Amino acid sequence: SRSEVLDSFFESKRLLKTKTLVQNIITIDFSPNLKFPSETYLPIKSESPPNFNSSLYMSHLTTSHLGQPLILVPTISSSMVPFTGPPIFHGFTLVPQQQLSGQGRGGNKWLSPPGC
């Protein structure tokens with residue numbers, strides 16, 4: 001079940017003690033002691049933003065792993081930044097509402113205004 005996937009994610013070796021994932025470029029923090037976000041630090045709150053219906057998303061998700069857990073962030077430099085480093089968790093997905101300096105195929109800039 002989806003709750004088992006989340007439990008498994010938060011009980012994984014990399015998260016169990018500190019509730020943080022330290023990647024090559026950024027640290028993703030799931031702990032309750034959150035600081036302000038920066039280029040190298042991404043705090044994650046366990047609440048749905050007002051413009052995203054997590055229940056609707058989960059009811060339409062047909063995959064057994066991809067999109068679980070889903071982390072929705074308001075802004076990030078590139079959605080690939082969290083994935084530079086050790087593997088995070090099978091199915092882990094990060095969706096930014098705005099990307100500031102992403103890179104597409106062939107080295108093309110990938111910019112997205114809010115909401116895209």
Side-chain angles (χ1 to χ4, degrees):
S1 79
R2 297 186 200 303
S3 63
E4 290 171 343
V5 172
L6 274 180
D7 289 345
S8 181
F9 173 68
F10 285 110
E11 292 169 2
S12 65
K13 268 195 231 180
R14 292 189 63 205
L15 276 172
L16 195 55
K17 290 182 184 177
T18 64
K19 300 294 181 216
T20 59
L21 292 171
V22 179
Q23 295 297 91
N24 290 353
I25 299 173
I26 198 164
T27 297
I28 305 169
D29 189 354
F30 295 90
S31 74
N33 307 317
L34 302 175
K35 303 174 212 161
F36 288 105
S38 71
E39 289 279 327
T40 59
Y41 176 77
L42 185 61
I44 304 297
K45 295 180 181 180
S46 63
E47 57 192 49
S48 288
N51 58 351
F52 182 77
N53 185 329
S54 59
S55 297
L56 182 62
Y57 166 81
M58 294 306 283
S59 71
H60 285 86
L61 189 65
T62 59
T63 62
S64 58
H65 290 91
L66 186 61
Q68 300 181 57
L70 172 77
I71 306 301
L72 182 72
V73 297
T75 305
I76 196 167
S77 56
S78 170
S79 60
M80 293 308 295
V81 165
F83 298 99
T84 56
I88 296 177
F89 186 80
H90 182 68
F92 180 90
T93 304
L94 185 128
V95 177
Q97 292 181 312
Q98 181 179 22
Q99 205 170 204
L100 302 175
S101 60
Q103 187 173 359
R105 290 183 183 172
N108 295 316
K109 271 192 164 188
W110 184 274
L111 303 176
S112 63
C116 284

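In this text the structure is predicted, and so the values were computed from the model without any measurement. Worth knowing before you read on, the calculation uses all heavy atoms, side chains too, and leaves out hydrogens, waters and symmetry mates.
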Measure the shortest side-chain to side-chain distance between [X] and [Y] over non-hydrogen atoms and say whether it is less than 4.5 angstrom.
{"X": "Val81", "Y": "Leu42", "answer": "no"}
{"X": "Ser8", "Y": "Phe89", "answer": "yes"}
{"X": "Val73", "Y": "Ile44", "answer": "yes"}

> Say you draw a straight line from CG of Leu15 to OG1 of Thr20; how long is it, rounded to the nearest 0.5 Å?
Replying inline: 7.0 Å
> From Leu66 CG over to Leu61 CG, what is the distance, rounded to the nearest 0.5 angstrom?
Replying inline: 7.5 Å
When you measure from the side chain of [X] to the backbone N and O of [Y], does any donor-acceptor pair fall under 3.5 Å?
{"X": "Ser78", "Y": "Met80", "value": "yes"}
{"X": "Gln99", "Y": "Ser79", "value": "yes"}
{"X": "Gln23", "Y": "Ile88", "value": "no"}

> Looking at residues at least two apart in the chain, or sitting in another chain, which of them share a side-chain contact (heavy atoms from CB on, under 4.5 Å) with Ser64?
Replying inline: none
>> Apply side chain to side chain donor-acceptor pair (under 3.5 Å) to residues Ser31 and Asn33 and explain how you reach the verdict.
In response: CA-CA 5 Å; Ser31 74; Asn33 307 317; 4.9 Å; no
>> Filter on ring pair (Phe, Tyr, Trp, His ring centres under 6.0 Å), then keep only pairs touching residues 36-55, sequence neighbours left out; what's left?
In response: Phe52-Tyr57
> Does Leu56 sit in a hydrophobic cluster with other residues, and if so which ones, taking ILVMFWY side chains as linked at heavy-atom separations under 4.5 Å, directly or through other members?
Replying inline: none
>> Test side-chain contact (heavy atoms from CB on, under 4.5 Å) on Ile71 and Ile28; report intermediate values, then the result.
In response: CA-CA 10 Å; Ile71 306 301; Ile28 305 169; 5.7 Å; no
>> As a quick check of understanding, evaluate side-chain contact (heavy atoms from CB on, under 4.5 Å) for Thr40 and Thr27, giving each step before the final call.
In response: CA-CA 6 Å; Thr40 59; Thr27 297; over 6 Å; no
